[in-house]
Amino acid sequence: MESAHFTDISVRVDGADHTARIDNRTTLLDLLREHLGVTAPKKGCDHGQCGSCTVLLDGRRATTCLALAVAHDGAEVVTAAGLGTEDALHPVAQAFLDHDGFQCGYCTPGQICSAVGMLDEFKAGAPSHVSDDLEGAGDLTDAEIRERMSGNLCRCAAYPNIVAAIAQAAR
């Protein structure tokens, strides 16, 4: 293969620096999973519709199956595995445990990263489609949580527990 189709990139993933030579068509998800061995983000639909590949990309939630890795050279990526430790879980991860916010667990890393990003967006005052006040986020109601998390699917239908977990973490 011609080297013109490959690029050397660097990314910081869960606090560790990585470099890789990748095909320019490689998605960020495939870089993480296949090249770097980071398996917290999952490949679900591969169309950006299920949210199982969600990470925090430069501090914002993003579906990695839709992002080309070359476009994120130098990026900071935080997966669910990088949000805390076994001894000190991130408050969102702890809330998922407290409220049994998972069943099979496949979507859980993406749900947790999305929830962390969503809570940051809410705190910054970003309204959603169900927000009463478009000048600020208002109250984080269950309807707000459901709307803001609507891009993350759970085939096991653990949604009531996921909403309860996010509400606890928000407090």
Side-chain angles (χ1 to χ4, degrees), residues 7-86 88-97 99 101-124 126 128 140 145-156 158-159 161-163 165-166 168-170:
T7 302
D8 295 319
I9 67 165
S10 299
V11 291
R12 185 169 184 80
V13 181
D14 296 335
D17 292 322
H18 298 274
T19 58
R21 182 165 184 78
I22 58 166
D23 184 301
N24 293 337
R25 299 166 292 185
T26 302
T27 64
L28 186 54
L29 176 60
D30 288 339
L31 171 70
L32 293 170
R33 292 186 61 81
E34 296 176 16
H35 295 267
L36 304 180
V38 177
T39 58
K42 305 294 189 256
K43 186 174 277 199
C45 67
D46 217 16
H47 294 284
Q49 297 173 348
C50 74
S52 63
C53 68
T54 303
V55 300
L56 298 174
L57 179 59
D58 291 328
R60 297 188 54 144
R61 58 186 170 156
T63 50
T64 57
C65 71
L66 294 180
L68 289 176
V70 294
H72 299 287
D73 184 23
E76 173 84 22
V77 177
V78 178
T79 71
L83 286 172
T85 66
E86 287 183 35
L89 293 178
H90 187 279
V92 171
Q94 184 62 56
F96 267 68
L97 283 175
H99 290 274
F102 51 87
Q103 286 182 25
C104 81
Y106 194 83
C107 72
T108 305
Q111 295 272 3
I112 289 173
C113 283
S114 188
V116 170
M118 179 274 291
L119 290 172
D120 288 345
E121 292 164 12
F122 179 79
K123 288 176 189 168
S128 78
L140 189 61
I145 293 170
R146 284 192 298 273
E147 171 61 28
R148 291 169 185 269
M149 292 294 293
S150 64
N152 289 80
L153 303 180
C154 173
R155 291 183 182 189
C156 301
Y159 297 116
N161 300 10
I162 291 169
V163 170
I166 294 169
Q168 173 184 311

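Not measured: the values here are computed from a predicted model.
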> After noting the C-alpha distance and the side-chain angles of Tyr159 and Leu153, does the key distance pass the side chain to side chain contact (heavy atoms under 4.5 Å, CB included) rule?
Replying inline: CA-CA 9 Å; Tyr159 297 116; Leu153 303 180; 4.0 Å; yes

> Run the side chain to side chain contact (heavy atoms under 4.5 Å, CB included) check on Val78 and Asp14 step by step: do they pass?
Replying inline: CA-CA 5 Å; Val78 178; Asp14 296 335; 4.0 Å; yes

>> As a quick check of understanding, evaluate side chain to side chain contact (heavy atoms under 4.5 Å, CB included) for Leu36 and Val11, giving each step before the final call.
In response: CA-CA 10 Å; Leu36 304 180; Val11 291; 4.0 Å; yes

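Considering all non-hydrogen atoms of both residues, Gly51 and Asn152 come closest at O-ND2, 3.1 Å. Across all non-hydrogen atoms, the minimal contact from Gly48 to Leu66 is CA-CD1, 3.6 Å. The nearest pair of heavy atoms linking Arg25 to Leu68 is O-CD2, 3.6 Å. The minimum heavy-atom distance linking Gly15 with Glu76 is given by the pair N-OE2, 4.4 Å. The shortest heavy-atom contact between Leu57 and Ala75 is CD1-CB, 3.7 Å. In terms of heavy-atom proximity, Thr108 sits nearest to Phe96 at CG2-CD2, 4.1 Å.
In this structure the side chain of Ile162 never reaches within 4.5 angstrom of the side chain of Phe102, judged on heavy atoms. Looking only at side-chain heavy atoms (C-beta outward), Cys104 and Arg155 stay at 4.5 Å or farther from each other. Side-chain contact between Cys113 and Leu83: present, with at least one pair of heavy atoms (C-beta onward) separated by less than 4.5 Å.
A search for side-chain hydrogen bond (donor to acceptor under 3.5 Å, both in side chains) contacts involving Thr26 returns nothing, not counting sequence neighbours. In this view, Arg146 satisfies the salt bridge (charged side-chain N to carboxylate O under 4.0 Å, His left out) rule with no residue, not counting sequence neighbours. Applying the side-chain hydrogen bond (donor to acceptor under 3.5 Å, both in side chains) test to Asn24 and every residue at least two apart in sequence or in another chain returns Thr7. Qualifying side-chain hydrogen bond (donor to acceptor under 3.5 Å, both in side chains) partners for His99, counting only residues two or more places apart in sequence or in other chains: Gln168. Contacts of Ala20 classified as side chain to side chain contact (heavy atoms under 4.5 Å, CB included), with partners at least two apart in sequence or in another chain: Ile22, Leu31. Under the rule for a side chain to side chain contact (heavy atoms under 4.5 Å, CB included), the partners of Cys53 that lie at least two apart in sequence or sit in another chain are Leu29, Thr63, Thr64, Cys65. Residues passing the side chain to side chain contact (heavy atoms under 4.5 Å, CB included) test with Ala169, sequence neighbours excluded: Val92, Ala95, Leu119. Take Arg60 and apply the side-chain hydrogen bond (donor to acceptor under 3.5 Å, both in side chains) test, not counting sequence neighbours, and it matches no residue. Remark: Glu147 engages Ser128, His129, Val130, Ser150 in a side chain to side chain contact (heavy atoms under 4.5 Å, CB included) (not counting sequence neighbours).
Atom CD1 of Ile145 and atom CE of Met118 lie 5.5 Å apart (nearest 0.5 Å). Separation of atoms OG1 (Thr54) and CD1 (Ile112) is listed at 11.5 Å; rounding is to 0.5 Å. One distance of note links NE2 of His90 with OG1 of Thr85; it measures 12.0 Å at 0.5 Å rounding.
For the salt bridge (charged side-chain N to carboxylate O under 4.0 Å, His left out) condition, no pair includes a residue of residues 50-59, sequence neighbours left out. Applying the salt bridge (charged side-chain N to carboxylate O under 4.0 Å, His left out) rule to pairs touching residues 61-74 yields Arg61-Glu121, sequence neighbours excluded. Legend: salt bridge (charged side-chain N to carboxylate O under 4.0 Å, His left out) pairs involving residues 31-44, not counting sequence neighbours, sorted by first then second residue: Asp30-Lys43, Lys43-Asp46.
The backbone N or O of Gly44 lies less than 3.5 Å from a partner atom in the side chain of Ser52, making a donor-acceptor pair.
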